[in-house]
Amino acid sequence: MKRLVILIALIAGVAVAHVQRSDAVYIDGKRCSLTSYPLNTYLSNHFSEWPFRPTFHGPGDGGGYWGFWGIRDSLLYLDSLTINTWGRSSIVIGHGDRNHFSVRIPLQEIVRDGSSKKSRPSLKNDEPLYAYFVNDTLEVSCLKDSYMFYVENGRAHLLQHISDDMENSGLNLLLNSKNKKPKRVWRKTRRETQILPYSEKTSLLATYYYMLDNLRKKQDNSDKQKYIVEPRKDPNFKRFEDFFEINAVDYDYLESDMTYTFFVTPKGKSPFREIVFEFVMDGQTHKFKDLPVDAVELFEKSYAAICENRLFEKWLQEKKSKMNYSDINFKREEKVSVGFQLFSMEEVWKSTKMSGSYVGTLTFNGVMLAQYIFLLSDNGDIMILVANPPEGEKLLNVADGTDEKKIFMKRYHEPVVGKNQPAGPLFGDYVIIRHDGKIEYGPKSELLRYWQSRWRNLE
């Protein structure tokens with residue numbers, strides 16, 4: 001254990017600052033941002049499974065890591081690589097930016113690619129890795145300067161430089177600026193393999209994520225003690241705390257109201273590693289406006305409904321091991337948004353012929369858009385409103401029958417019904433996973449076009 005602590009101290013760092021959202025590259029002493037991720041192609045070609053668990057980003061937009069690159073003597077180097085995460089227990093307004101935790105990944109891990117030790121490149125500690133594996137056109141942004149490089153086998157050729165002051169750039173002294181764009185841009189052909197999301201059981205980097213998680217957990221646990229004092233003043237909170245292990249508490253306030261976000265893990269058996277609940281407390285009465293005990297009841301009923309659908313429960317267990325999601329939320333909603341319009345849950349249930357009674361909504365949050373939205377029925381039927389799987393993942397093979405392997409429930413135009421004219425579907429492009437494992441598709445876009453033509457004729 002002592003050895004592990006020393007190792008963490010060597011390769012881990014903590015900072016309180018606004019953190020970058022893209023790979024960085026140093027050119028002529030200036031720190032710039034890359035608009036692409038040069039390491040992604042190499043990882044996709046050499047790892048049978050995506051080696052990074054998303055912390056800030058997923059494989060589609062950064063891979064869950066940050067690369068720090070440099071161009072020196074016309075050569076591209078990967079100088080360092082970190083995995084990163086934020087602490088969650090904080091006062092948002094009081095603290096501003098959250099604690100930021102980073103763990104450096106030894107570059108030797110990147111070139112392992114599952115090969116034998118004899119065939120791996122030999123790197124000394126902290127030695128940059130010559131990016132011989134990069135064959136791509138890179139766009140770089142440096143405040144007022146923008147560059148475009150063509151990189152072939154790690155050698156960088158300047159293609160374009162846009163600057164307010166071209167003469168003071170000094171870049172021509174650094175790069176072989178006389179090199180013209182090659183007649184044919186060579187790109188390495190991507191190997192036809194399915195890149196699976198991060199799995200804690202198989203990733204080569206699990207040890208480093210263990211370090212990262214422990215850094216954050218220790219800080220979260222320390223900070224949450226400050227912010228859990230007020231919630232405990234409400235007697236209804238005890239049942240919530242008895243049922244869930246509280247991992248972190250995020251606290252925000254506006255005038256007299258205080259908003260608490262709890263990151264919790266069910267103490268009993270469940271397919272969920274962590275769930276997020278949000279409650280608003282009245283600052284005058286020190287009581288929650290939405291009772292935390294209701295959240296316990298919602299989870300119990302939702303989980304009981306999920307257990308009625310073995311296929312879906314199995315998928316949730318697999319999702320838990322992949323660690324490729326952000327926040328999971330349970331809510332009970334009276335209305336649902338479809339096509340930027342609200343419909344009552346009763347109307348959705350009736351129109352789509354869902355059986356049983358609505359229990360709750362399960363949501364996997366993405367960075368900008370929900371990754372998955374499921375409506376749960378007490379008999380185990382699951383309606384998929386949204387499925388936006390990360391690269392390499394399929395939802396029970398359901399999304400294979402949809403455009404772009406994604407599911408987004410749509411609202412069809414209201415039909416104008418004349419005499420003896422049947423009404424068209426109100427909703428489409430959704431999927432229902434029945435409790436017996438059968439998959440049912442809602443009306444597709446082709447049917448939408450058919451009904452639209454019918455409606456125009458009726459008008």
Side-chain angles (χ1 to χ4, degrees), residues 13 15 17-46 52 56-84 97 100 102 104-105 107 110-111 121 123 126-190 367-368 391:
H18 179 71
V19 289
Q20 71 178 68
R21 294 300 186 102
S22 59
D23 279 14
V25 59
Y26 285 86
I27 303 174
D28 197 19
K30 295 184 296 184
R31 176 169 170 166
C32 307
S33 297
L34 283 165
T35 59
S36 60
Y37 298 88
L39 193 58
N40 275 12
T41 301
Y42 175 79
L43 294 173
S44 299
N45 286 327
H46 291 79
F52 296 102
F56 289 132
H57 295 286
D61 54 357
Y65 63 85
W66 284 336
F68 296 83
W69 307 76
I71 297 179
R72 297 182 291 275
D73 297 327
S74 301
L75 301 179
L76 178 66
Y77 291 90
L78 178 61
D79 293 327
S80 64
L81 194 71
T82 64
I83 52 175
N84 316 268
D97 292 332
H100 164 228
S102 296
R104 177 177 287 192
I105 300 294
L107 298 181
I110 305 307
V111 297
L123 290 175
D126 298 324
E127 181 181 2
L129 174 62
Y130 170 52
Y132 61 90
F133 45 82
V134 176
N135 293 276
D136 206 347
T137 299
L138 306 181
E139 295 182 8
V140 179
S141 175
C142 310
L143 295 177
K144 295 182 180 180
D145 296 290
S146 295
Y147 304 104
M148 184 177 290
F149 297 96
Y150 165 68
V151 181
E152 183 176 16
N153 298 332
R155 181 171 292 276
H157 307 268
L158 178 63
L159 297 182
Q160 187 178 11
H161 175 205
I162 303 173
S163 174
D164 292 341
D165 186 1
M166 293 288 290
E167 294 181 357
N168 295 331
S169 167
L171 189 69
N172 292 339
L173 299 177
L174 180 70
L175 295 171
N176 295 331
S177 57
K178 294 182 181 180
N179 288 327
K180 303 298 181 182
K181 183 176 180 179
K183 295 181 179 179
R184 182 175 66 89
V185 176
W186 180 84
R187 293 175 182 266
K188 186 173 183 178
T189 302
R190 179 169 177 168
V367 177
M368 299 296 293
E391 184 178 354

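This chain uses plain numbering: 1 for the first residue, then up along the sequence.
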TODO: Taking the side chain as every heavy atom from C-beta outward, state whether Trp69 and Val134 have any atom pair closer than 4.5 Å.
DONE: yes
Beyond-backbone contact of Thr41 with Phe133, side-chain heavy atoms, under 4.5 angstrom = no
Separation between OH (Tyr132) and CG (Leu76), nearest 0.5 Å, reads 12.5 Å
Scanning both residues in full, the closest heavy-atom pair of Tyr130 with Asn153 reads OH-O, 2.6 Å
Minimal heavy-atom distance between Tyr147 and Lys30, with the atoms involved, is OH-NZ, 3.1 Å
Heavy-atom closest pair (Cys32 atom, Val140 atom, distance to 0.1 Å) is CB-CG1, 3.4 Å
Is the closest side-chain heavy-atom distance between Phe149 and Ile27 below 4.5 Å? yes
Applying side chain to side chain donor-acceptor pair (under 3.5 Å) to Ser80 and not counting sequence neighbours gives none
dist His46:NE2 -> Leu39:CG (nearest 0.5 Å) comes out at 11.0 Å
Minimal heavy-atom distance between Ser102 and Thr82, with the atoms involved, is CB-CB, 4.5 Å
**OP:** Report yes if some heavy atom in the side chain of Leu129 is under 4.5 Å from a heavy atom in the side chain of Tyr77; otherwise report no.
**Re:** no
### Message
Between Ser36 and Glu139, is the side chain to side chain contact (heavy atoms under 4.5 Å, CB included) condition met? List the steps.
### Response
CA-CA 7 Å; Ser36 60; Glu139 295 182 8; over 6 Å; no
What one should report as the nearest heavy-atom pair of Glu127 and Leu107 is O-CD1, 3.6 Å
Note: Leu138 and Pro38 closest approach over all heavy atoms is CD2-CG, 4.0 Å
Taken to the nearest 0.5 Å, the spacing of His157 NE2 from Thr137 OG1 works out to 10.5 Å
Which of Phe68, Phe52, Trp66 passes side-chain contact (heavy atoms from CB on, under 4.5 Å) with Leu81? It is Phe52
Exercise. Between Asp23 (side chain) and Leu34 (backbone), is there a donor-acceptor pair under 3.5 Å?
Worked result: no
Tell me yes or no: between the side chains of Tyr65 and Asn40, is some donor less than 3.5 Å from an acceptor?
yes
